[in-house]
2 protein chains.
Amino acid sequence: MGRGGRERNGQAGARALDVAALAGVSTATVSRAFNAPEKVAPEIREKVLKAAAELGWMPHPAGAALASRRTWLAGALIPTLDNDVFASQVGALQTRLSAEGVTVLIGCSNYDADQAANQVRTMLARGVEALAVVGESHRPGLFETIAARGVPYVVTYSHRPGSPHPSVGFDNAAAFRRIARHLLDLGHRDFGLIHQPSIDNDRVVARIEGLRATLAEEGVALRPQHVREGPASIAFGRQSLRSIMEAPGPRPTAVVCGNDALAIGALIEARALGIRVPEDLSITGFDDVAMAEQTDPPLTTMRVDNAEIGQRAADYLLACLAGRQPPPPPPLESRLILRASTGAAARSAA
Amino acid sequence: MGRGGRERNGQAGARALDVAALAGVSTATVSRAFNAPEKVAPEIREKVLKAAAELGWMPHPAGAALASRRTWLAGALIPTLDNDVFASQVGALQTRLSAEGVTVLIGCSNYDADQAANQVRTMLARGVEALAVVGESHRPGLFETIAARGVPYVVTYSHRPGSPHPSVGFDNAAAFRRIARHLLDLGHRDFGLIHQPSIDNDRVVARIEGLRATLAEEGVALRPQHVREGPASIAFGRQSLRSIMEAPGPRPTAVVCGNDALAIGALIEARALGIRVPEDLSITGFDDVAMAEQTDPPLTTMRVDNAEIGQRAADYLLACLAGRQPPPPPPLESRLILRASTGAAARSAA
DNA sequence: AAGTGCTATGTAAGCGCTTACATTCTGATT
DNA sequence: AATCAGAATGTAAGCGCTTACATAGCACTT
């Protein structure tokens, strides 16, 4: 039988009806004054706005969402907020979307595919109208679920040629091919690799494959004893470099790292071990964090414009929401930043 | 006259009514099966859940919000996502809140008070039921606006004794008093200071005041030519240290930095200038970032557990939402991490 | 046998807004 | 003067859900 006794709670309790009454118009006009100002005569619009201001009224989003079937919500699925790379992507995405009145919901997967799937489910349940998700290695059916809802989405950060998904990012494999080529050109033939966990992480997998493929072109292979996989931390970089250099057999003359934190760790440990960089050993990073140009020697690394990824992803999704059928975005370029941590290969210690 | 021709859009178009029909119950029971399972007989609940699964139905949040007057939305206002300190706070806040079914909306002010006010307005309009905001120096009336809506809030990151707001954070002034005391104890009497922009930033202001106050106790004052204010970057730290050391008159024997990035920059520049740390100059940071223990020499700095701030803020807000009147949270401790960048004062060059 | 207190379910009235369609009013056209 | 197009506004029917209250069913009492 419903609640009966209306009893508005004194607080934030103005409704469109109250504004309409105060302005001497109907609720339809109130709504139009806010959502389609051009359809309301200027002086009436003025009156409505004044009445709304007086009552401190703003359209209640739940009511609006229900009636208009629009939520003005978008979602961003990222591995973690604790990584600059994703934080700045999301930041840019949000800035761009909020300028169009779209609020961004953030979901963190903590690099776990199940959590990712849950977050997406939650966002969908919340009614997001567009979704940006980092990477494309997710639980099977994830993208289908999204598409089945008719929600436009875009993969961010990585751009794999041949991927069935629209994506805004760069080609991770190509980026590492570029690094490999650079080192090969310097004469290196013995390589080490320190990288992040590759499970459920297509970016890391692509990088490793890009590296291996390019080395293979010159008949060079990575030796297992020169490869380390672990947390993307300075500490892991240090410990890995030490154990690689202590491994039996010939030492690598170049160590490729999955990101700058690992590379900085490697650099620090090399110094601690009395290994000269780049004379005895070349080291490369990835990301070009602020610290990379301040290390001694400064770090050769790849730069990617993460804010631009976020922004382009936002633009793409916005275009989809506007009903345009935008072309899949082109890949972004990553750029090799040559600094002093790489140099001509030392005579191999083999 | 309303839309008339119902015409459900094939897609995600199941309603509670459809589920009810399929399960052979009323919509009330469907609702209860989801929101108050204990009030529904187990076998009926089972049937409802199965029917919902079959139709791929989930409660539509706008309808739910409208009817229940609950949005299960909370907001977090931070300066920027581009800073680990805030990113991890938000991350922890979100993890905790989402475990209770609350979705977090993030607003970035970019250190601008007007943007902050706008973001808060937007979040309030979106119907957030609780708010965590970094710092307390905001546009006058901001907190009143929030409180007027009956929305519980908590100030994060800083905890100022005597503040009228509930806050989860540490006492920035006390933290810098601690640093000052440490350096005074080491015999320093000539200080430099490199800090972030202080406008609209109560944390930075409190730190500076804590430092000045403690120095004053020993009759020590900061000389204007030894103070620099600018972006919290490694580069600004470098350039500031150089210009401080080049300033006419006696050089400081200790330089206090507003955060680790500035301190790392100062450390790098000291090395470039041939100034020995800590023999000739002591340097301190703030935050204890991962890099701080890897610098040469490792950096003396203050550690704050940002994840814990986020988590406690979440717990406090959750308690408010549960209708409990939780006591204002106690301040957190920041901890001085003594490393090798600080040492006994050199004989003053005065 | 009738009454009592439970608990599990159903009924139906909104929540606050948008929007299709109806209505009114204007000024231009015939 | 009559007609009509077009613009501005009003009317009122939902959007999909929750929940106060009513009701039915059941196990005990007395």
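A quick note: this is a predicted structure, and the numbers were derived from the prediction, not measured. Values below: all heavy atoms of this structure, side chains included; hydrogens, waters and symmetry mates excluded. Sequence lines set the chain letters: A, B, ... in the order given, protein chains first and strands last, and positions in each chain run from 1.
The residue B:Ser31 sits close to a base: some heavy atom pair falls under 4.0 Å. Nucleic acid contact for A:Ala64: sugar-phosphate only, since backbone atoms but no base atoms lie under 4.0 Å from a heavy atom of the residue. B:Val30 comes within contact range of no nucleotide atom at all, as no heavy-atom separation falls under 4.0 Å. When heavy atoms are screened at a 4.0 angstrom cut-off, A:Ala41 is found touching the sugar-phosphate backbone but no base atom.
Note on A:Arg69: every side-chain N or O is 4.0 Å or more away from OP1 and OP2 of C:dT19. Applying the 4.0 Å criterion to OP1 and OP2 of C:dC17, one finds that A:Ser68 has every side-chain N and O outside that range.
Closest to the B:Pro59 side chain, of the nucleotides D:dA12, C:dG10, D:dC17, is D:dC17. Of the candidates C:dT9, D:dG10, D:dC17, the closest approach to any side-chain atom of B:Ala67 belongs to D:dC17. Proximity note for A:Ser26 (side chain, C-beta onward) versus C:dT11, D:dT9, D:dG10: the nearest is D:dG10. Closest to the side chain of A:Leu66, from the set D:dT18, C:dT9, D:dC15, is D:dC15.
Atom CG of B:Asp18 and atom P of D:dG16 are 9 Å apart (whole Å). Nucleotide C:dA8 holds its P atom 10 Å from the CD atom of B:Glu43, rounded to whole Å. Atom pair B:Leu17:CG and D:dT18:P shows a separation of 13 Å (rounding to whole Å applied). Taking atom CZ of A:Arg126 as the reference point, atom P of D:dG16 lies 18 Å away to the nearest angstrom. As a whole-Å value, the separation of B:Lys39 NZ from C:dG10 P is 15 Å. A:Arg15 has its CZ atom 16 Å from the C1' atom of C:dT18, to the nearest Å. Counting to the nearest Å, the P atom of C:dA8 and the CD1 atom of B:Ile44 are 10 Å from each other. Across the protein-nucleic acid pair, B:Asn35 atom CG and D:dC17 atom C1' stand 9 Å apart, rounded to whole Å.
Using a distance-only test at 3.5 Å, with no hydrogens or angles considered, a donor-acceptor pair links the side chain of A:Glu129 to the main chain of A:Trp72. At least one donor-acceptor pair under 3.5 Å links the side chain of B:Asp202 to the backbone N or O of B:Glu136.
The ring pair (Phe, Tyr, Trp, His ring centres under 6.0 Å) check on A:Tyr316 picks up nothing, with sequence neighbours excluded. Shown here are the ring pair (Phe, Tyr, Trp, His ring centres under 6.0 Å) partners of A:Trp57, two or more places apart in sequence or in another chain: A:Phe34.
End-to-end axis angle of the helix from C:dA1-D:dT30 to C:dT30-D:dA1, from C1' rotation axes over five pairs per end: 60° (rounded to 10 degrees).
Ring geometry for B:Phe143 against B:His138 counts as perpendicular: the plane angle is over 60°, on a 0 to 90° scale with 30° as the lower cut.
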